[in-house]
Every structure is written in C-alpha cells, then in structure tokens.
Amino acid sequence: MAQHSGKAIYLKNYPAGMPTEALFELRAAETPAPGPGEMLCRTVWMSVDPYMRGRMRPDVKSYIPPFSLDRPLEGGAVSQVMESNIEGYQPGDYVVDYTGGWKEYYLSRGEQTHKVDPNLAPLSAYLGVLGMPGMTAWAGITQILKPKEGETLFVSGAAGAVGSVVCQLGKIKGCRVIASAGSKAKCDWLVNEAGVDVALNYKDYKNAAELTKALAEAAPKDVDCYFENVGGMHLEAALHCIALGGRIALCGMISMYNLTEPEPGPSNLINLVARGALMRGFIVSEYMAKAMEFAAEVAPLLAQGKIKFQESVYEGLDKAPEAFIGLFKGENFGKAVVRVGPDRI
Ligand SMILES: NC(=O)c1ccc[n+]([C@@H]2O[C@H](COP(=O)([O-])OP(=O)(O)OC[C@H]3O[C@@H](n4cnc5c(N)ncnc54)[C@H](OP(=O)(O)O)[C@@H]3O)[C@@H](O)[C@H]2O)c1
C-alpha cells in the first residue's frame, strides 16, 4: 500500500509562561505504509491534557520525556486501524493509542494501545470518563483517599475531566462533597447534575484566607479527603481544614504550570503533623495494572447514568492548540477533545 498524506502539529518552540497559538504549526506529513509489526491508524479523536504542558519544559526532570521540536507532538487518541501487520488488530478496529494525538495518520506498534468498543460508549468518552482522566479519578479515590461513608471530600478543578468523576465517585461512596470550580455555570452543573453538596466558585475569593473561610463554612466537620488538581490557595485552604487522620491525594497543580517564577509553598504544611494526615502524590500510570478494575466499576455506572460527563468539542486538528491553551484559561467544560476525523469512513 502507498504512503498516506495528512497533517500533523509541531511545536516550534517551548513556551515561557502561558503557551500561545503562535508556538504551534500545522504541517503536511507523510505516513509510510506499515512494515512488519506495525499498523496504520487514522486519528478520530484526540485529547488535550494539562500534563502536555509539562512535556514542554525540557529543563525539568519528569516521569515522561519532553516533546521534541523535530517530530509531531503526541498524545492520547481514539483511532481507527486502516492497515495492520499486528496480530489481533484488524482494519476497522477502534483503539486508544497514547501516541496518536496531534496528527491525522500515524504508524503504531501497538505498544501503548488497547481496543475499544464503539457500541459501549461514544468514542470520545474513551479519552475522558472511560479513559486516562477517569482512571486517574478512580485511582485517587480508591487507592489513596479511600473515603468512608459520611466523610467530607473536597475536590478542586471539580468541573474538569478528572474532577467531575472524582466528585461523582465521592457521592456514590456516600461522602459529603464540596467542589471548587471557576464559573457559576460550572458550579451549577456540579450541584444540579453531578450532585455535589456545595460548589464554590473560587474566583469569588481573592486569596487563600477568603477561600479557607468559605471551605470551613462548607465543611463544619473538617475535610477528611482532599483531591488536589489545582494547587496554590486551594492547597492552603485544604490544609487549614484537613481533619485528624485526613488524606490528601496530589493529582496535579494546574495553577502552577505556566508560572515563570516558583510560587511560595503553603504556609500551613505543619497541619499534616498535628492532624496525623497523609499527603501523597501519584501518577495514574502507577495504577495501570488495575485498569480492568477501574473499567469494571466505572463503565456500568456510566451506562446506568450514575456518572454524567461533559465535553468541550473542538472541530478539526487545526483547533488543537486552541483547545490545549483553553485548559489553562478554564475555557473547557468537562473533558476537552478535538475531532480530527469522522467516527466512520
Ligand atoms: N497525576 C496524574 O496522573 C494526572 C492525570 C490526569 C490529570 N492530572 C492533573 O489533574 C488536573 C486536572 O486535569 P484534567 O485533565 O481534569 O483537566 P481539566 O480539569 O479538564 O481542565 C483544566 C481545568 O483547570 C482549571 N484551571 C486552569 N487554570 C487554573 C488556575 N490557575 N486555578 C484554578 N483552576 C484552574 C480550569 O477550570 P476552572 O474553570 O475551574 O478554572 C480548567 O478547565 C491537572 O492538574 C492535571 O495535571 C494528573
């Protein structure tokens, strides 16, 4: 078979501070015919995720290497197999592939790939509630926080891809859930659709002291579990309100990803000592061996309508930089996904 002509997005330079669209370039890209042990895939949906900003910092040691400026960017995608020289993959199969993003066609060796069922859920859901963000939420809840019925769970970044699943798993496990998000519309969705008990619009609070006061009022029995997505004043407020024996799962700190100067740490870390509380960071890949357990718990909840999700859909590969930058401006509601090609051809 001949090579495939398509497009792919490159990063021209690493950003300093908030990324801009000028840093990205859409270029023509040729994908050769698959060789032995390879398959040709066309990207249907691609994910934009906050961790990608970390891959744009070549000077920072991380669990994942920085993006190269000489190759197309990569990231999670739902793709369709077009030609396959890999046993077990047939043309027409849909796969989630962790390199398929930011391009229209690519060769996969099937190494970071698994098949998905297009009849079980919308394809894009495999990048959100049934994908890496959903698994992250599930891992933080079930493996670190382990909330008990009647406990109070505080969630920052609560209307996002990870946070919205955390909130709903918390409710299912019988917690009082206090959510924080950055707009009235997001807070309304959290209360009316996700079923949280209190939603705080953090933009109503000028500083950590104000947010702390609001959180303390919402959590009169203190915060047993805090799921951290944001950092900064959210962590300070959570540390102030953390209960005796409380648990904090550090999933991410998006408020810091575009800072050019480091932010001072929280002033009240000592509360972990006095309250015998645990604070633990994690990366979802640590728990990948439990992916079947996650799917077995969350897929039925989704099918039964017990977990709801929102998506911000961007149409076309050329919109991927805008979708990515929107993550840091609160422009997405739920999971941000980019439609690169039609579901079926
Ligand atoms: N540890 C892991 O393995 C892992 C895996 C996936 C994600 N994460 C982390 O989990 C967090 C959420 O990721 P996600 O994929 O679910 O993204 P997301 O929440 O869907 O999108 C990012 C959201 O963050 C909020 N935000 C952006 N800048 C902010 C700021 N300065 N202060 C407060 N909120 C801000 C915005 O919502 P508002 O409108 O509410 O501001 C925005 O919509 C991130 O920190 C990410 O790095 C970690």
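All values below were derived from every heavy atom in this structure, side-chain atoms included, with hydrogens, water molecules and symmetry-related copies excluded. Read the numbers this way: they start at 1 and go in the same order the structure lists the ligands and their atoms.
- Atoms of ligand 1 lying under 4.0 Å from at least one heavy atom of V230, given by number and element, are 32 (N), 33 (C), 34 (N).
- One finds no salt bridge joining E104 and R27 here, because no Lys/Arg side-chain nitrogen approaches an Asp/Glu carboxylate oxygen to under 4.0 Å.
- Taking a cutoff of 4.0 Å between a charged side-chain nitrogen and a carboxylate oxygen, K319 and E322 do not qualify as a salt bridge.
- Given atom 47 (O) of ligand 1, the protein heavy atom at minimum distance is Y257 OH, 2.7 Å.
- Residues K335 and E311 are not paired through a salt bridge, judged by the lack of any N-O separation under 4.0 Å between the basic side chain and the carboxylate.
- Each of the following atoms of ligand 1 lies closer than 4.0 Å to a heavy atom of V284: 2 (C), 3 (O).
- Summary of contacts: the protein heavy atom closest to atom 5 (C) of ligand 1 is T136 OG1, 3.3 Å.
- Interface atoms of ligand 1 facing F282, defined by a heavy-atom separation under 4.0 Å, are 1 (N), 2 (C).
- If you check each of G252, G163, G182 against atom 40 (O) of ligand 1, the one with the closest non-hydrogen atom is G182.
- The protein atom (non-hydrogen) at minimum distance from atom 33 (C) of ligand 1 is Y202 OH, 3.1 Å.
- Residue N229 has at least one nitrogen or oxygen atom sitting less than 3.5 Å from a nitrogen or oxygen atom of ligand 1, judged on distance alone.
- Ligand 1 is approached by C251 to a heavy-atom distance shorter than 4.0 Å.
- Every atom of ligand 1 with a heavy atom of A181 under 4.0 Å away is listed here by number and element: 40 (O).
- Screening K103, R55, Q112 for a side chain to side chain donor-acceptor pair (under 3.5 Å) with E74, the sole residue that qualifies is R55.
- The atoms of ligand 1 that sit less than 4.0 Å from any heavy atom of K186 are 37 (O), 38 (P), 39 (O), 43 (O).
- Of the charged side-chain nitrogens involved, none lies within less than 4.0 Å of a carboxylate oxygen, so that K148 and D224 do not count as a salt-bridged pair.
- Geometrically, K115 engages Y89 in a cation-pi contact, judged by NZ or CZ lying under 6.0 Å from the ring centre and within 45° of the ring axis.
- Nearest non-hydrogen protein atom to atom 17 (O) of ligand 1 is P50 CG, 3.5 Å.
- The heavy atom nearest to atom 14 (P) of ligand 1, out of those in V162, I254, D49, is found in V162.
- Ion pairing of E30 with K7 is absent here, as no side-chain N (NZ or NE/NH1/NH2) approaches a carboxylate O to less than 4.0 Å.
- Side chains of M253 and E228 form a contact here, defined as non-hydrogen atoms less than 4.5 Å apart.
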